[in-house]
Amino acid sequence: MDNRVILIDNAQIIFRFFYPFLPVMKKKLEVLLRQAVDTLKSDGTLPQDADPVINIEHSRDPAHGDFASNLALMLAKAAKSNPRQLAEKITAALPGDDAVIKVEIAGPGFINFFIDPNGQYEIIRTVHDRGSEFGLSKTGAGKRVQVEFVSANPTGPLHVGHGRGAAYGSVVADLLEAVGFDVHREYYVNDAGRQMDILATSIWLRYLEDCGEVLHFPCNGYRGEYVRDISSAVHRASGDAFRFPVQTVFEDIPPDETQGGDKEIHIDALIARAKTLLGGAHYEHFFQAGLNDILDDIRDDLREFGVEYQEWFSERSLMADDSVAKALDRLRAGGHLYEKDGAVWFASSRLGDEKDRVVQRENGQYTYFASDIAYHMNKLDRGFEELINIWGADHHGYIPRVKAAMTALGADADKLKVLLVQFATLYRGEEKVQMSTRSGEFVTLRQLRNEVGRDAARFFYVLRRSEQHMDFDLKLATSRTNENPVFYVQYAHARVCSVFRQLDEKGLDRDLGLGMESLGLLKEEHELNLVGRLSRYPETLERAALQHEPHQLILYLRELANDFHAYYNAHQFLVEDAPLRNARLNLIAAVRQVLANGLGLLKITSPETM
RNA sequence: GCGCUUGUAGCUCAGCCGGAUAGAGCAUCGGCCUUCUAAGCCGAGGGUCGCAGGUUCGAGUCCUGCCAAGCGCGCCA
């Protein structure tokens, strides 16, 4: 949470810096108010050290004008004046501006601004001119940001739980890029460690079954059907080359849980047996068969879901080039490591963690945390100015130790922002769905996509704030009814397209230039609402990106669609009056453009017919 | 027990670094298709913003305590 606050502060500094280049009314008003404050400072009404944050918001109630500022309320104390009187003085000191047609003081001391609608029509021209680039900005100023997301163990296909991280992470990355950051998307492949050994061993055991052996499959092994697919591919390619009799394989192996033993001890013994019997090279054959097959599947799956990475970073590569050892050396040099009980510990508790953490086990093996330290050192060495990690919320306890590692490595821990994705409960109608990778009884992302399609899946996933617990009802998500909110936005887009198709059929023409000249005819309340809504798109995009909250964009698109649907029902666009018709067509063309831009950012299609 | 996250309408959730009368979708009820797609629109009902204090001109929003839920507290990843 702290990080987020810091980020927003940064964003505001960036806002101010870029302010003069952004033709946005809100920011124009901010400058006017700031000038008024300066004037009042020089005449002694306000103390010299007054440096208020200028807060301007869109008025909810049209009676309160278009924008409102609470400046007088905030400064009243410093000015030793009551808010309404101060508001009078601020208003008097406010420089004139053509776009501002009226300034009012209301309520306890709000300053309400009324904007000339003729100026607001300009947004329609801007949307037309900038087209698919409307809304993009350079706020991020090319700052290099790395976004790591999904990073699921390559031990099985992605399930619907990973889907939310994939959708959220990719949209966060795309949003940041849209507002001018230089974004590097990365998937950390956990291709080292015990889980991978369990996978390799599971494949080998299934392979032995393919060879005709009959055996007890460990309850802690990977039982999914995909494991059989991989094993049978190996069997087809290599025949019985890696076959051993069951008696040899299971000789002296401690019993499994179902046999009255311990499933962990049982599977570890089988892994050791696999390595002994197969030998390094042949064991690696099974290991790679599993890794490659599953990773290819994950790659395809994500690509089809609209998620692209710049880099797939292998955990094994950190082992191979001694990065882990080097990272630990760096910590050791800084006095952050010590030995206890035969293991090597990182003194993370001195840097805000709950307790110290083992980085190298008694048996000499590095822990997962050790490679993660090396991975983050690698990220820092690559020169990223900001690191964003998107994790499942169940990993939140892991954050302090990684931040401690960043500090110990000599970096600013605030460079790292961990965004948590909550995935609480999966339902199918009323029934709770249990998820377990090991048992193979889970709903895959691919199944979800096949059932609902990419558009609905992505929309559903980023509809809510990421750290919010969420009930995911598969029945609802898989329904092709109007309960599925993505159709509402897409329908608005399709409707605009339909209107333009009707143009020919009705024997009417469109004159873009005439429409632009006639924008002043758009006096209806629905039209003014839409114009105002369109002008808010750039700031919505910026806020959604800087706060890492894609749902704000979704919310905006729904509101825009709602404004349009209401307009559609209230007024006819294809009227005989050519100036009015063309002005309206230009307005709804702008609506269509912004809908398409927003949906495009979410990698959701904008259908022309539905 | 400690830590993180969350608690807003019957359900799922918004609520813009504190601001004017707390919003949307779904569900319920009532209207609108001979006119550009009714996957739509208009209207109604529905709230002790978990509870109790505190901060101040003003609190759903900030602070403290309590209650409840989820998650985390490995030489697992």
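In what follows, chains are A, B, ... by sequence order, proteins preceding strands, each numbered from 1.
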Separation of B:C13 atom C1' from A:F460 atom CZ, nearest Å, is 11 Å
What string of B, S and - do you get for nucleotides 71-77 of chain B, 5' to 3', when a contact is any protein heavy atom under 4.0 Å?
BSSSBSB
Among all residues two or more places apart in sequence or in another chain, which pass the side-chain hydrogen bond (donor to acceptor under 3.5 Å, both in side chains) test with A:D356?
A:Y338, A:S349
Inter-nucleotide P distance (B:A59, B:U21), Å rounded
11 Å
Would A:R401 count as a cation-pi partner of A:F346, with NZ or CZ less than 6.0 Å from the six-membered ring centre and within 45° of the ring normal?
no
Roughly how far apart, to the nearest Å, are B:G74 and B:C17 at atom C1'?
39 Å
I'd like to know if A:R533 pairs up with A:D563 as an ion pair, taking the criterion as any Lys NZ or Arg NE/NH1/NH2 lying under 4.0 Å from an Asp or Glu carboxylate oxygen.
yes
Does B:U6 have OP1 or OP2 under 4.0 Å away from a side-chain N or O of A:R465?
yes
How many Å lie between CG on A:L463 and P on B:U12, as a whole number?
14 Å
How far, in whole Å, is B:U48 from B:G60 if one measures between their P atoms?
14 Å
Using a 4.0 Å heavy-atom cut-off across all strands, classify A:L555 as base, sugar-phosphate, or nothing.
sugar-phosphate
Which residue pairs satisfy the salt bridge (Lys or Arg N to Asp or Glu O under 4.0 Å) criterion with at least one member in residues 576-586 of chain A, sequence neighbours excluded?
A:D509-A:R581, A:E527-A:R584
Between B:C16 atom P and A:H58 atom NE2, what is the distance in whole Å?
14 Å
Test of understanding: with side chain to side chain contact (heavy atoms under 4.5 Å, CB included), list the residues that count as partners of A:M196, not counting sequence neighbours.
A:P154, A:T155, A:L199, A:F287, A:L291
Side chain of A:E467 only, heavy atoms from C-beta on: which candidate in B:U35, B:U6, B:C41 is closest?
B:U6
When you compare B:U64 with B:G18, how far apart are their P atoms, in angstrom units rounded to a whole number?
16 Å
Identify, with sequence neighbours excluded, every residue that meets ring-ring contact (aromatic ring centres under 6.0 Å, His included) alongside A:F149.
A:Y309
The contact string for nucleotides 18-27 of chain B, one letter per nucleotide 5' to 3', using protein heavy atoms under 4.0 Å with B, S and - for base, sugar-phosphate only and none, comes out as -BBB---S--
If I compare all heavy atoms of A:V358 with all of A:F369, which pair ends up nearest, and what's the gap?
O-CD2, 4.4 Å
Rounded distance (Å) that lies between atom C1' of B:A39 and atom NE2 of A:H493
16 Å
Over how many whole Å does the gap from A:E549 atom CD to B:C16 atom P extend?
9 Å
Taking ring-ring contact (aromatic ring centres under 6.0 Å, His included) as the definition, give me every residue that meets it alongside A:F500, ordered by chain and number, with sequence neighbours left out.
none
Ring centres of A:F67 and A:H58 under 6.0 Å apart?
yes
Based on Watson-Crick and G-U pairs with both distances under 3.5 Å, what dot-bracket line describes RNA chain B 5' to 3', crossing pairs as [ ] and inter-strand pairs as |?
(((((((..((((.....[...)))).(((((.......))))).....(((((..]....))))))))))))....
Residue set satisfying side chain to side chain contact (heavy atoms under 4.5 Å, CB included) with A:R194, at least two apart, ordered chain then number -> A:I198, A:N220, A:E264, A:I267, A:D268
Say we look at B:A24 and B:A14: how far apart would their P atoms be, to the nearest angstrom?
16 Å
Are OP1 or OP2 of B:G15 and a side-chain N or O of A:H551 less than 4.0 angstrom apart?
yes
Calculate the interatomic distance between A:L71 atom CG and B:C57 atom C1'; express it in whole Å.
15 Å
Using O4'-C1'-N9-C4 for purines and O4'-C1'-N1-C2 for pyrimidines, with syn meaning within 90° of 0, is B:C33 syn or anti?
syn
Nearest whole Å is fine: how far is B:C41 P from A:E525 CD?
16 Å
How far does the C1' atom of B:C11 sit from the matching atom of B:C76, given to the nearest Å?
38 Å
Whole angstroms only, please: what is the NE2-P distance between A:H548 and B:C16?
18 Å
On a whole-Å scale, what distance lies between the P atoms belonging to B:G47 and B:U8?
15 Å
Tell me, please, which residues at least two apart from A:H571 pass ring-ring contact (aromatic ring centres under 6.0 Å, His included).
A:H526, A:Y567
According to side-chain hydrogen bond (donor to acceptor under 3.5 Å, both in side chains), who are the partners of A:E339, at least two apart in sequence or on a separate chain?
none
In whole Å, what separates the C1' atom of B:C67 from that of B:C51?
7 Å
Listed partners of A:Y375 passing ring-ring contact (aromatic ring centres under 6.0 Å, His included), at least two apart
A:Y188, A:F313
Counting any heavy atom closer than 4.0 Å, what does A:F500 reach on the DNA or RNA strands: base, sugar-phosphate only, or nothing?
nothing
